[in-house]
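Numbers restart at 1 for each chain; the letters A, B, ... are given by sequence-line order, proteins then strands. Predicted, not measured: the structure shown is a model, and the values here were computed from it.
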Amino acid sequence: MPENDELNLEQISRELREPVALDASFDARVMAGVRGLPRHVRRGVWSRLTTPRTVKVRPLSWAALAAALVFVAGVAALAAYPSAGEVSRRPVVALFQPTPRAPQRVQFVIVAPSARKVAVVGDFNGWDPEHAAYQALHRGGGVWSVTAQLPAGHHRYSFVVDDSVWMADPTAPRAIDKDYGLPNSAIVVGGSTQ
Amino acid sequence: MRGATSGALVLLAAFATRLAGQDPRLAARLDPQTNVVVGAIIDSARTAKLPTAPLTDKALEGWAKGGDGTKIILAVRQLSVRLAHARTMLGTTSSADEIKAGAGALDAGVSARDLARLRTAAGKRSVTLPLAVLTDLVGRDVPVATATNLVVSLARSHVVDSDLTLFQRNVRLDIERGADPSTAASTRARGLILRTNTSGNPIR
């Protein structure tokens, strides 16, 4: 059997090696067939964009695209309105900081029936007894008062009566002054929130 | 020679004032020698990142109260030391007002350790007003230990500033009416803590 196979294979290969005779019109027929095919047109970008086509997209792809759009929109919004986060926090700050840190009007009152002049001196006016905005007025009955705008924060102050007598505010917290030996009071304007 | 020295000090003070952005009121009110020394103390405080406004105010206060140069320099220097202690005990993130109030409490006799206790009790809330109230209680003859324990307890109970102000006023009125300072402060503090803890909305 193997000998028969070898003979068959040899015969087949000999047949295949025989040259194939083509008639003279073969080339002409092939070229005519090629020319008969539809002409290939080189399409531009615009043509590619405007030519209708069918696109198949999986639902998961749509979800990914939507998430990407939301992300881009969020980033763009933050870039356009950098204070957007602060605005949303403001009401919370307002809840826990009822006393603003802005300057506030404060009234100083002292009863000094025999005084001829009363001034308020403190950290807020450079301890200047002649500061015009801190000269108290006599309201009658020995009551002297002045209302002034004080910056937020912790201040020490005192009343100066008749340019010579230093008096702490009897209604305010005391501020110890061991340095100069005269009484001071303390006031915290705008609460003590940070 | 003496005139030349004074002139040089005046020039030095003016130069230092311009250079360091020192408050011009100091140069206007203090004598040149005092101004130079006070300016140096303030510069050191600035370098140490301490609040410098209280030092300027202390010098101006000394001028207003008629203190001489030596007394003013001593007062400003001692205050700078107290500010540094207060900052250390209250923490480096403390506000200038807290440090200033802390220095005042130290001057009243409150210990540095107690400042730290109050800071811990208050957490992230400001201790400016609690320190002012503590200083006031000590100034009204409430023993330091009692006053400190009460204010620490109030801070731990999250008593708000408005109630703390009311507490200070009530204690003052009680003392003026003849109550024992320690008893008045303890009683008022106990009531406030009780109301704060039970209702979270203290009765005014």
So which of A/A175, A/S158, A/P170, A/P129 has the largest heavy-atom pair count under 4.5 angstrom toward chain B? A/P170
So, the part of A/N125 with a heavy atom under 4.5 Å from chain B: the answer is backbone
Give, for atom CG of A/D177 and atom CG of B/D107, the distance between the pair rounded to the nearest 0.5 Å. 7.0 Å
Interatomic distance, A/I176 atom CD1 to B/L106 atom CG [nearest 0.5 angstrom]: 12.5 Å
Measure across B/W63 and A/W127 and return the closest heavy-atom pair with its distance rounded to 0.1 Å. CZ3-O, 3.8 Å
Under a 4.5 Å heavy-atom cut-off, does chain A meet the side chain of B/R29, its backbone, both or neither? side chain
Can you tell me which portion of B/R25 sits under 4.5 Å from chain A's heavy atoms? Options are side chain, backbone, both or neither. side chain
For B/H158, enumerate each residue passing the side chain to side chain donor-acceptor pair (under 3.5 Å) test, keeping only those at least two apart in sequence or located in another chain. B/R125
Those residues that, when tested against A/V146, pass side-chain contact (heavy atoms from CB on, under 4.5 Å) (two or more places apart): A/F108, A/V120, A/A136
Measure the spacing between CZ of A/R174 and CD of B/Q168 and express it to the nearest 0.5 Å. 10.0 Å
Could you check which of B/A101, B/G67, B/P54 has the highest count of heavy-atom pairs closer than 4.5 Å to chain A? B/A101
In terms of heavy-atom pairs under 4.5 Å with chain B, which of A/A172, A/S185, A/G122, A/A186 leads? A/A172
Measuring from atom CD of B/E61 to atom CZ of A/R156, what distance do you get when rounded to the nearest 0.5 angstrom? 4.0 Å
B/K65 pairs by side-chain contact (heavy atoms from CB on, under 4.5 Å) with which of A/D179, A/N184, A/V121? A/N184
Surrounding CG of A/L60 (heavy atoms of other residues, nucleotides or ligands, distance under 6.0 Å), is the total greater than 12? no
Is the CZ atom of A/R29 crowded by more than 12 outside heavy atoms at less than 6.0 Å? yes
With a 4.5 angstrom heavy-atom cut-off, could you sort out which part of B/L164 is near chain A: side chain, backbone, both or neither? neither
Just wondering, are more than 12 heavy atoms of other shown residues or ligands nearer than 6.0 Å to CZ in A/R139? yes
Is it true that, when you exclude B/K71 itself, more than 12 heavy atoms of the residues, nucleotides or ligands shown sit nearer than 6.0 Å to its NZ? no
Answer yes or no: are there more than 12 heavy-atom neighbours, outside B/H85 itself, under 6.0 Å from its atom NE2? no
Hey, is the main chain of B/K58 close enough, under 3.5 Å, to the side chain of A/Y180 for a donor-acceptor pair? yes
Looking only at heavy atoms, which two atoms of A/V188 and B/A132 are closest? And how far apart? CG2-CB, 4.3 Å
